[in-house]
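Structure first, commentary second.
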Amino acid sequence: MADIKKHDTPTVDELKSGPWPSFVDDIYSYAEKHQKQSCFDLMGQLELSYKHKETHWKHGGIVGVFGYGGGVIGRYSDQQEKFPAIWAFHTIRVNQPASKWYHTSLLRKLCEMWDHRGSGLFNFHGSTGDAVLLGTVTEQLEPVFFDLTHQFNMDLGGSGSNLRTPSCCVGKARCEWSCLDTQAICYDLTMTYQDELHRPAFPYKFKFKISGCPNDCVAAIARADCSIIGTWIDDIQIDQEAVRAYVGGELKPNAGAHSDRDWGPFDIQKEVIDLCPTQCMYWDEKEKKLYINNKECNRCMHCINVMPEALRPGKETGATILMGAKAPILEGAQLSTVIVPFMRMEPPYDTLKELIDKVWDFWMENGKNRERVGEIMQRVGLNRFITDILGLKPIPQHVREPRSNPYVFWKEEEVPGGWERDLAEFRKRHPA
Amino acid sequence: MADIKKHDTPTVDELKSGPWPSFVDDIYSYAEKHQKQSCFDLMGQLELSYKHKETHWKHGGIVGVFGYGGGVIGRYSDQQEKFPAIWAFHTIRVNQPASKWYHTSLLRKLCEMWDHRGSGLFNFHGSTGDAVLLGTVTEQLEPVFFDLTHQFNMDLGGSGSNLRTPSCCVGKARCEWSCLDTQAICYDLTMTYQDELHRPAFPYKFKFKISGCPNDCVAAIARADCSIIGTWIDDIQIDQEAVRAYVGGELKPNAGAHSDRDWGPFDIQKEVIDLCPTQCMYWDEKEKKLYINNKECNRCMHCINVMPEALRPGKETGATILMGAKAPILEGAQLSTVIVPFMRMEPPYDTLKELIDKVWDFWMENGKNRERVGEIMQRVGLNRFITDILGLKPIPQHVREPRSNPYVFWKEEEVPGGWERDLAEFRKRHPA
Amino acid sequence: MADKIYEEIQNTQLDEIYSKPYDPELAEKLFNPQKPMENRITDIGPPHYAQFFPPEIKKNYGKWKSHEIVQPGVIKYTSETGDVVYAVRVGTPRLITSDYIREVCDIADKYCGGYVRWTTRNNIEFHVTDEEKLRALLDDLKSRKHPGGSYKFPVGGTGASVTNIVHTQGWIHCHTPAIDASGVVKSVMDELFEYFGSHKLPAQVRVALACCLNMCGAVHCSDIAILGIHRKPPLIEDDRLQYVCEIPLVVAACPLGAIKPATVEINGEKKKTVRVNKERCMFCGNCYTMCPAMPLADHEGDGIAILVGGKISNRISPPKFSKLVIPYLPNEPPRWPTVVKTVKKILETYAQHARKYERLGEWAERIGWEKFFELCEIPFTDKSIDDYRLAYDTYRTSLHFKFTSHVEPM
Amino acid sequence: MADKIYEEIQNTQLDEIYSKPYDPELAEKLFNPQKPMENRITDIGPPHYAQFFPPEIKKNYGKWKSHEIVQPGVIKYTSETGDVVYAVRVGTPRLITSDYIREVCDIADKYCGGYVRWTTRNNIEFHVTDEEKLRALLDDLKSRKHPGGSYKFPVGGTGASVTNIVHTQGWIHCHTPAIDASGVVKSVMDELFEYFGSHKLPAQVRVALACCLNMCGAVHCSDIAILGIHRKPPLIEDDRLQYVCEIPLVVAACPLGAIKPATVEINGEKKKTVRVNKERCMFCGNCYTMCPAMPLADHEGDGIAILVGGKISNRISPPKFSKLVIPYLPNEPPRWPTVVKTVKKILETYAQHARKYERLGEWAERIGWEKFFELCEIPFTDKSIDDYRLAYDTYRTSLHFKFTSHVEPM
Ligand code: SRM
Ligand code: SRM
Ligand code: SRM
Ligand code: SRM
Ligand code: SF4
Ligand code: SF4
Ligand code: SF4
Ligand code: SF4
Ligand code: SF4
Ligand code: SF4
Ligand code: SF4
Ligand code: SF4
């Protein structure tokens with residue numbers, strides 16, 4: 001590193017104050033310590049953006065590592081003279097370990113690598129879930145990749161029209177409610193579909209996210225083309241003793257989540273029974289006993305959330321498989337739609353994979369450029385998607401409510417006599 | 001009347017039995033008594049339809065009375081040889097008196113006229129509200145019209161692409177809840193728009209319906225391009241004495257509407273307070289007093305329906321004006337959408353008429369052939385319909401919820417600097 | 001202002017014209033086909049409503065205080081003036097003859113001073129002011145029967161009942177129906193008769209029928225709707241089409257753009273006509289409305305769809321559309337047994353399970369539509385899954401569902 | 001089967017590779033640009049997760065019994081085995097340096113046996129097994145500050161709090177943003193800081209930010225969403241477009257079909273390019289994504305929309321989209337005062353009025369959106385009225401509304 005050029009960044013510097021961790025302070029501290037020109041330049045360019053109120057990054061730029069179609073986002077400054085150290089500033093998406101546990105030995109080593117080969121800046125993590133290495137030049141891409149694979153046993157994540165890095169909630173590792181081995185599923189899918197993850201062959205991106213229960217702590221239903229969410233098909237487990245402890249005020253409702261405000265003493269009727277969306281609970285004040293009509297329960301988690309010591313999901317667990325979530329571009333945002341209400345999830349997850357294969361086969365053959373699975377579902381119709389493409393039985397769980405318009409597409413084979421009719425015969429019955 | 005030909009109608013005859021009034025018995029009794037060939041032929045053709053499971057009426061046929069573009073539906077049998085008396089069998093839509101009160105002097109005279117000039121069959125009433133004279137030949141149309149206008153002071157209703165016969169609920173004539181003079185409004189609109197009713201100049205049909213309160217007994221919100229529904233803007237009137245009488249079981253809840261089943265004793269908490277959709281009611285069991293937070297009430301009518309002796313709509317009454325209802329053809333059914341949350345309704349209803357004029361002007365100029373107002377509202381966008389076309393202020397009452405997509409059409413004048421930008425300037429800031 | 005309307009109503013008298021006998025020859029005298037404008041009266045609109053108000057209605061206009069349904073079909077109205085009026089509601093088949101109306105007039109003359117009204121659902125209401133007359137009237141109504149044994153004037157339709165079925169023309173008069181109207185209504189009402197004359201249901205149940213997708217009525221917002229449907233694409237009469245239809249309008253009529261202009265040769269002659277992409281046809285019939293040379297009706301194809309759960313009133317929940325729960329039932333004149341059975345099953349399942357005041361659609365939403373299908377023993381089909389313009393909003397985008405018998409764990 | 005996974009987890013050991021020092025020269029030795037396949041390892045995927053589980057997490061995998069938030073940011077987990085683990089959650093700016101991570105490692109090494117995790121919302125979680133360590137850890141975390149005074153590791157984000165803002169790249173790295181990301185987040189979190197470290201709200205409040213309509217994140221389903229928007233149609237670089245863009249793809253990219261191919265003459269040379277029907281442009285930026293010669297960014301046009309009321313969890317009510325309540329707020333670096341003020345006002349109005357457990361969107365739906373606008377003092381504009389594909393379903397098709405200050409009786 002030769003002469004370091006620092007830029008005046010009075011506007012950006014205003015972000016040093018205030019209690020929330022300042023990325024500006026962090027970056028400047030780091031830049032000073034390591035005398036990183038790219039960091040100074042980045043802050044300089046940010047200052048310019050704060051002045052111009054416009055980004056100073058050029059459009060795209062396809063770069064990558066040999067044999068992979070994704071994992072790297074190319075990025076170039078449009079202020080190459082002013083900020084030469086970030087003239088190229090690509091990001092590398094590194095596939096995170098499922099649910100993002102790390103050991104410091106990995107992290108420290110990664111820091112060293114990135115100090116050496118990149119900006120020293122990270123996004124921990126990207127919105128999809130990757131550990132994102134933020135900013136390096138084209139020449140460093142292969143070396144980073146070699147480092148990752150040889151010295152870290154790590155690999156790149158997804159980008160472009162391919163499978164994106166799957167991600168999951170913390171699940172059974174630390175959550176008592178998980179109905180799924182979220183990490184195992186996440187890991188298995190990631191490993192099974194390495195080719196799809198690294199070599200774009202899809203019409204557009206495809207995302208898996210796995211949450212252990214309907215609280216959906218990885219936001220799968222909003223962000224994953226295939227959302228795998230844990231649930232149970234038997235009865236909520238009740239510890240009546242603990243219920244009484246909540247009612248008696250010995251246990252804190254919702255595990256103490258409301259501790260800084262006086263909401264009054266816990267009222268099981270008001271706070272649980274009355275809020276149950278299916279009204280399937282009953283608190284017998286005399287008996288001091290809680291009843292749940294599990295057949296009517298829709299497993300919303302509310303009662304369990306409020307009384308974690310007393311209630312737990314059932315024992316016969318599995319996943320609801322939903323499909324089609326995406327952000328608004330182009331047709332508007334979608335949440336995922338129920339495809340399989342209950343699927344048992346045991347390795348090697350063949351039932352799931354067969355389903356996925358059907359979706360991908362159809363989508364790859366029929367999807368338009370940049371058409372998400374959710375959009376093709378709408379284009380072909382959920383009914384045909386379920387029956388013709390997935391070969392599943394249509395059931396009311398697929399819809400919130402039946403259609404209200406009467407515009408049914410009957411198929412010829414469903415109608416006695418078919419569609420070919422004899423005009424002459426008709427006119428014999430009905431002279432014009 | 002020469003020889004009467006009767007047809008064997010064994011299938012149709014099966015509809016003579018059973019408790020519900022049999023139209024077949026009625027028609028045959030009438031036909032026998034008056035020796036009406038058209039009635040025998042009608043039954044004969046119906047028998048044929050019951051056999052063929054197909055209608056035997058030909059497509060349309062434009063007939064009418066001079067100077068009018070509507071009021072008559074032309075109809076011809078496709079079995080002219082078999083059923084010559086109904087070879088032509090047009091219906092005449094006669095504009096009913098508002099809310100359908102009659103005096104027998106009118107009815108008896110009408111029966112005579114129709115025995116003489118038509119089939120003697122009626123629809124009392126058509127779905128739009130007309131008194132429908134069912135079945136006559138083309139030559140009788142003018143005579144019927146002359147009879148109606150000269151001997152009945154009656155006129156035709158609408159059909160085709162014009163204003164349709166307005167209709168209304170019984171309103172203040174017999175209902176304690178009416179917030180509107182439904183008949184007066186209905187009559188006034190009908191008279192004001194006689195030209196629009198009789199001479200099609202619209203892209204498609206247009207319907208007015210007027211209900212006195214949100215119970216909407218004329219189904220205005222589902223069936224009228226302009227739905228005028230009574231409401232109030234002040235407080236629900238409470239007679240606490242009567243409330244206590246309900247609670248005490250002296251008065252029958254819902255005026256006795258549930259009398260044939262034992263639903264247990266009336267429970268004001270369960271049956272009123274808990275069902276109030278805005279949860280704005282409170283029953284003080286000690287004080288024996290009912291409280292309503294009227295600011296939060298959405299005037300759904302439930303509490304009033306349940307306790308008619310105790311509760312009544314407020315005194316400051318008016319109408320909510322909604323627009324756009326229609327059946328499914330083509331874009332799918334629509335319910336009417338709130339356009340003016342509260343309009344005072346006093347003759348000559350100028351505020352309403354000005355609004356209607358704006359809608360019609362726009363629709364007549366821009367509507368496609370057979371495009372209902374509800375459809376053009378969707379096509380131009382409710383926001384533009386409200387602001388640009390009606391000149392009203394957009395308010396949250398217009399929507400159930402704000403949009404969830406971010407796809408806002410900004411106008412050039414709303415954006416500082418407008419839309420014309422200097423490319424060179426841009427590229428100066430941002431080299432490509 | 002309101003006072004002015006009240007005053008106007010008081011001052012309106014029954015038009016004398018109605019007491020003049022009908023002159024069957026007058027029209028021919030006045031109407032001159034050569035000079036059609038001669039003697040022509042136009043745009044006079046309907047007669048003023050107030051002249052038909054019975055005196056007690058006139059007097060108490062806007063003064064009503066409360067009402068009570070004293071028995072099914074009989075509503076007692078009390079005015080601030082202390083006046084009382086009983087409204088007696090009777091069912092009619094709507095399609096009626098002049099003799100039937102004359103009988104109505106006989107009754108109205110006898111008990112009601114000659115006044116009578118029709119409701120928005122084709123029931124008749126007789127009004128009397130004292131209980132004695134009321135009893136006599138009720139007895140009289142009950143006694144009147146058609147030769148086949150059906151009641152002419154069944155009393156009911158109030159409160160938590162099934163009131164009259166709003167319906168349409170069917171094979172009696174229309175050119176586009178898939179089914180009959182009056183016959184189906186008669187068959188259904190015969191079976192639901194006990195619910196017309198009683199208050200046994202959790203709430204009012206509005207049944208409606210329309211004989212084609214035009215849905216003349218409020219089928220799209222009814223508790224139970226019976227809807228005639230076609231299932232075969234239109235026939236195309238190539239030799240006639242260009243003479244009876246405007247091809248651009250026909251093409252534009254199809255909501256799905258399934259119709260394209262075409263030219264064919266018939267006996268060496270070129271004819272302009274259209275072609276339908278049958279795979280894209282959803283049998284809406286709009287092409288036939290525009291073009292007589294494209295009939296859809298077919299005895300094998302046509303049938304009945306059942307929609308449920310719609311409502312109009314704003315009571316508790318907002319107005320709702322009916323939802324298609326059965327895409328097809330056979331068209332079975334003269335008694336439509338399958339439809340009748342199905343409607344009754346839905347009604348009685350609802351009656352058994354719903355809460356007081358709960359409309360059918362509110363019940364189905366509360367328990368979840370999957371439960372509705374299960375309880376009513378209606379097989380769910382792909383046809384109930386929307387694939388029209390707003391379909392996405394009906395998809396199940398949550399885990400809020402119940403494990404009914406439909407779910408086979410995978 | 002589940003046992004097998006448990007077993008596998010127990011048997012997974014921390015990869016020894018991480019204890020080997022980083023060799024900065026290895027890659028250059030192995031990678032041969034002439035023979036790129038040489039020494040190349042591909043498709044190995046991520047390291048196995050279980051090796052990073054701390055021992056107590058491993059052992060109790062699938063055996064957790066319950067949890068308790070002992071104070072904001074500290075969750076105590078109890079296992080069926082009797083084991084206890086405290087998770088301490090700290091906020092981060094997500095955009096962090098290797099030195100920051102090293103500091104995280106220092107802490108993790110000191111208190112947590114070298115293990116640490118990140119949450120799905122970019123917070124860090126430290127795990128300790130006894131209370132003493134917990135206290136020491138908390139003190140330590142509190143003491144660490146940046147030179148400007150900001151906390152490096154603020155503890156919080158649990159329960160009824162505002163946890164970390166999920167966000168995106170902004171001016172730090174992306175080519176399509178309308179706004180910055182990290183700067184806005186810092187500004188907002190500074191202001192909402194007290195809500196991060198406390199449990200004062202009626203329920204959790206998820207705030208998210210995306211710098212353009214691509215919405216990288218879950219802005220479309222967040223309690224409060226801050227969204228960068230463009231308001232000027234794309235510039236069109238006629239002289240460059242045909243060289244850098246595939247015109248058919250650009251044309252197809254526009255959801256509204258506002259882009260048409262065109263040809264222009266520049267200095268006598270014919271150039272293929274496109275034209276945008278500006279009246280039909282809704283500034284989605286999809287054309288720019290496909291074509292560098294169509295930039296939208298503009299300092300005067302760009303700004304921030306606020307959407308509220310979305311959620312993800314199935315708790316009580318199903319997941320919901322956020323709704324656009326403020327179409328535009330100015331883009332005000334470095335501190336975005338208007339946005340900060342607005343977000344805080346919404347948050348605190350919600351906190352003041354909502355019921356316990358009630359998410360922001362549930363509250364707004366319960367009271368009605370008209371009340372939401374009134375209480376939050378947000379001016380309602382036509383921009384909040386949907387006019388996209390499913391717009392009809394958002395129209396108010398009932399009389400269920402309240403008379404807020406918006407209503408001026410006519
Ligand atoms: C880095 C990241 C944001 C972040 O700061 O974390 C990101 C950054 C970009 N996203 Fe994204 N997206 C990122 C997660 C998401 C998510 C969230 C998720 O995956 O859970 C979404 C919403 C969910 C979804 O997939 O719909 C998302 C929806 C989009 C879209 C809109 C897709 C759509 O169908 O609506 C685009 C546009 C596109 O693909 O052309 C997009 C495009 C982009 C591009 C590649 C810009 C472009 O036009 O090509 C951005 C590159 C920024 C840069 O310079 O680094 N990004 N993007 C996230 C990936 C990091 C990671 O791998 O972990
Ligand atoms: C007679 C009547 C049914 C009845 O038995 O009562 C009727 C009968 C016809 N309607 Fe209707 N409609 C009748 C009330 C309705 C209603 C209900 C209402 O007005 O409250 C509707 C639904 C509300 C609406 O307007 O959307 C209705 C929606 C239609 C439609 C679909 C319109 C749409 O925009 O979706 C059509 C199709 C058309 O206009 O081409 C239609 C068309 C027709 C035609 C004219 C058939 C046609 O294709 O041209 C029918 C003539 C039947 C005949 O031979 O007599 N009719 N029609 C009703 C009028 C009687 C009257 O004047 O009182
Ligand atoms: C006579 C009539 C008005 C007219 O101008 O003709 C009428 C009259 C009354 N209606 Fe109605 N409604 C009439 C059609 C309607 C309709 C329209 C329709 O069915 O097509 C509706 C909307 C239907 C819907 O929501 O789908 C209607 C929804 C109501 C409601 C709301 C009930 C609910 O549970 O949603 C009430 C309140 C109640 O019943 O407590 C009501 C209440 C009433 C009251 C009690 C009003 C009053 O105080 O006079 C009247 C007697 C009710 C009864 O029958 O039990 N009326 N009522 C109509 C009789 C039709 C018939 O012959 O059966
Ligand atoms: C650590 C984390 C999972 C992970 O794999 O990283 C997590 C952990 C827990 N979540 Fe979560 N949730 C986490 C993201 C989420 C998300 C996703 C998001 O925000 O993007 C959601 C959905 C958000 C939404 O609905 O918009 C989420 C919705 C919930 C809910 C439902 C709350 C509700 O009122 O709707 C619960 C139940 C509760 O809090 O009572 C829950 C409950 C929990 C519990 C109590 C589960 C348990 O027993 O361990 C955990 C501690 C809760 C706490 O923080 O108070 N978690 N949780 C995530 C922490 C994010 C953070 O750093 O702040
Ligand atoms: S989604 Fe469920 S299982 Fe997963 S962390 Fe959240 S609460 Fe636990
Ligand atoms: S999980 Fe939800 S639906 Fe089921 S019992 Fe608990 S609160 Fe009710
Ligand atoms: S709509 Fe209201 S005012 Fe009119 S009859 Fe029905 S209840 Fe009475
Ligand atoms: S009218 Fe409806 S919203 Fe108003 S207080 Fe009565 S029940 Fe509640
Ligand atoms: S519903 Fe259809 S078939 Fe029946 S009357 Fe109306 S237009 Fe004719
Ligand atoms: S029936 Fe409807 S969908 Fe089919 S061709 Fe005719 S207009 Fe088109
Ligand atoms: S939201 Fe838009 S601007 Fe921000 S990172 Fe994603 S693609 Fe880039
Ligand atoms: S910004 Fe979007 S709407 Fe505008 S031209 Fe580009 S693609 Fe079309």
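Convention: sequence-line order gives letters A, B, ...; per-chain numbering from 1.
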> With distance as the sole test, does A:H103 use its side chain to make a donor-acceptor pair with the main-chain N or O of D:Q51 at under 3.5 Å?
Replying inline: no
> Taking the six-membered ring for Trp, is the centroid-to-centroid distance between D:H67 and A:W177 below 6.0 Å?
Replying inline: yes
>> Would the distance check show the side chain of A:D26 and the main-chain N or O of D:I96 forming a donor-acceptor pair, the cut-off being under 3.5 Å?
In response: no
> Between D:H175 and A:Y76, is the gap from one ring center to the other below 6.0 Å?
Replying inline: no
> Looking only at heavy atoms, what is the nearest atom pair of D:C105 and A:L107, with distance?
Replying inline: SG-CB, 3.5 Å
> Is a side-chain donor or acceptor of A:D216 paired with a backbone partner of D:S313 at a separation under 3.5 angstrom?
Replying inline: no
> Measuring heavy-atom distances to chain A, does D:P21 have an atom under 4.5 Å in its side chain, in its backbone, in both, or in neither?
Replying inline: backbone
> Checking heavy atoms, do the side chain of D:E8, its backbone, both or neither come under 4.5 Å from chain A?
Replying inline: neither
> Under 4.5 Å between any side-chain heavy atoms of D:D190 and A:P19, yes or no?
Replying inline: yes
> With ring centroids as reference points, do A:H302 and D:Y357 lie under 6.0 angstrom apart?
Replying inline: yes
> How long is the gap from SG on D:C174 to NE2 on A:H59, to the nearest 0.5 Å?
Replying inline: 9.0 Å
>> Which atoms of D:L14 are under 4.5 Å from chain A, going by heavy atoms: the side chain, the backbone, both sets, or neither?
In response: side chain
> Where does the angle between the aromatic ring planes of A:F124 and D:W118 fall among parallel (under 30°), tilted (30 to 60°) and perpendicular (over 60°)?
Replying inline: tilted
>> Which atoms of D:D43 are under 4.5 Å from chain A, going by heavy atoms: the side chain, the backbone, both sets, or neither?
In response: both
> Non-hydrogen atoms of chain A under 4.5 Å away: do they reach the side chain of D:Y288, the backbone, both or neither?
Replying inline: both
>> D:C284 vs A:I329, test: side-chain contact (heavy atoms from CB on, under 4.5 Å). Steps then yes/no.
In response: CA-CA 8 Å; D:C284 72; A:I329 305 290; 4.2 Å; yes
>> Below 30° counts as parallel, above 60° as perpendicular, anything between as tilted: where do the rings of A:W57 and D:H173 land?
In response: tilted
> Looking at A:K109 and D:D23, does any basic side-chain N land under 4.0 Å from a carboxylate oxygen?
Replying inline: no
>> Heavy-atom cut-off 4.5 Å, strictly under: side chain, backbone, both or neither for D:Y100 against chain A?
In response: both
>> Using modelled atom types and a 3.5 Å cut-off, is there a donor and acceptor pairing between side-chain atoms of A:K53 and backbone atoms of D:N331?
In response: yes
>> Students often mix this up, so state it plainly: with edges at 30° and 60°, are the rings of D:W171 and A:Y50 parallel, tilted or perpendicular?
In response: perpendicular
> So D:F193 and A:W20, would you call those rings parallel, tilted or perpendicular, with 30° and 60° as cut-offs?
Replying inline: perpendicular
> Taking atom CZ of D:R117 and atom NZ of A:K100, what is their separation to the nearest 0.5 Å?
Replying inline: 7.5 Å
>> Using 0.5 Å steps for rounding, measure from the CG atom of A:N123 to the CD atom of D:Q169.
In response: 4.5 Å
> Going by an N to O cut-off under 4.0 Å, is there a salt bridge joining D:D99 and A:K36?
Replying inline: no
>> Tell me if a side-chain donor or acceptor on D:S150 pairs with a main-chain N or O of A:S22 at a distance below 3.5 Å.
In response: yes
> Heavy atoms, side chains only, cut-off 4.5 Å: are A:W101 and D:I57 in contact?
Replying inline: yes
> Side chain, backbone, both or neither: which part of D:L249 has a heavy atom under 4.5 Å from chain A?
Replying inline: side chain
> Quick one: side-chain hydrogen bond (donor to acceptor under 3.5 Å, both in side chains) pairs with a partner in residues 143-152 of chain A, sequence neighbours left out?
Replying inline: A:R117-A:D147, A:D147-A:Q151, A:D147-D:Y22
>> Walk me through whether A:D115 and D:S98 qualify under side chain to side chain donor-acceptor pair (under 3.5 Å).
In response: CA-CA 7 Å; A:D115 285 348; D:S98 54; 2.4 Å; yes
> Where do A:A184 and D:I5 come nearest, in terms of heavy atoms and distance?
Replying inline: CB-CD1, 3.9 Å
>> Holding to side-chain hydrogen bond (donor to acceptor under 3.5 Å, both in side chains), I want the full list of residues that pass it with A:S17, two or more places apart in sequence or in another chain.
In response: D:R335
>> Heavy-atom cut-off 4.5 Å, strictly under: side chain, backbone, both or neither for D:C221 against chain A?
In response: side chain
>> Taking A:P214's backbone N and O only, do any of them form a donor-acceptor pair with D:N314's side chain (distance below 3.5 Å, no angle check)?
In response: yes
> Does the pair A:E142/D:R40 count as a salt bridge with the N-to-O cut at 4.0 Å?
Replying inline: yes
> Distance from D:I44 atom CD1 to A:Q194 atom CD, nearest 0.5 Å?
Replying inline: 8.0 Å
> What's the spacing between A:Y102 OH and D:I101 CD1 if we round to 0.5 Å?
Replying inline: 8.5 Å
> Of all heavy-atom pairs between A:E271 and D:K356, which one has the smallest distance, and what is that distance?
Replying inline: OE1-NZ, 2.9 Å
>> Tell me whether A:K172 contacts the main-chain N or O of D:Y6 through its side chain, where contact means a donor paired with an acceptor under 3.5 Å.
In response: no
>> Is D:R389 in contact with chain A via its backbone, its side chain, both, or neither, using a 4.5 Å heavy-atom distance?
In response: side chain
> So, for D:S187 and A:L15, which heavy atoms are closest and what is the spacing to 0.1 Å?
Replying inline: OG-CD2, 3.6 Å
>> Minimum heavy-atom separation for A:A333 and D:H220, please, with both atom names.
In response: CB-CD2, 3.7 Å
> D:H127 versus chain A, heavy atoms under 4.5 Å apart: side chain, backbone, both or neither?
Replying inline: side chain
> Does any N or O in the side chain of D:T120 come within less than 3.5 Å of the main-chain N or O of A:C217, such that one atom is a donor and the other an acceptor?
Replying inline: yes
> side-chain contact (heavy atoms from CB on, under 4.5 Å) between A:F146 and D:L26: does it pass, once the steps are laid out?
Replying inline: CA-CA 8 Å; A:F146 270 73; D:L26 187 69; over 6 Å; no
> By a 4.5 Å heavy-atom criterion (distance strictly below it), what part of D:N214 contacts chain A: side chain, backbone, both, or neither?
Replying inline: both
>> At a 4.5 Å cut-off on heavy atoms, which part of D:S182 comes close to chain A: side chain, backbone, both, or neither?
In response: both
>> With side-chain contact (heavy atoms from CB on, under 4.5 Å) as the criterion, how do D:E125 and A:V170 come out once you've worked through the C-alpha distance, each side chain's angles and the decisive distance to 0.1 Å?
In response: CA-CA 11 Å; D:E125 289 177 337; A:V170 69; 5.6 Å; no
>> Taking every non-hydrogen pair under 4.5 Å, which of A:V306, A:L148, A:V94 racks up the most with chain D?
In response: A:V306
> Is it the backbone or the side chain of D:S161 that comes under 4.5 Å from a heavy atom of chain A, or both, or neither?
Replying inline: neither
> Where does D:Y77 contact chain A at under 4.5 Å (heavy atoms): side chain, backbone, both or neither?
Replying inline: side chain
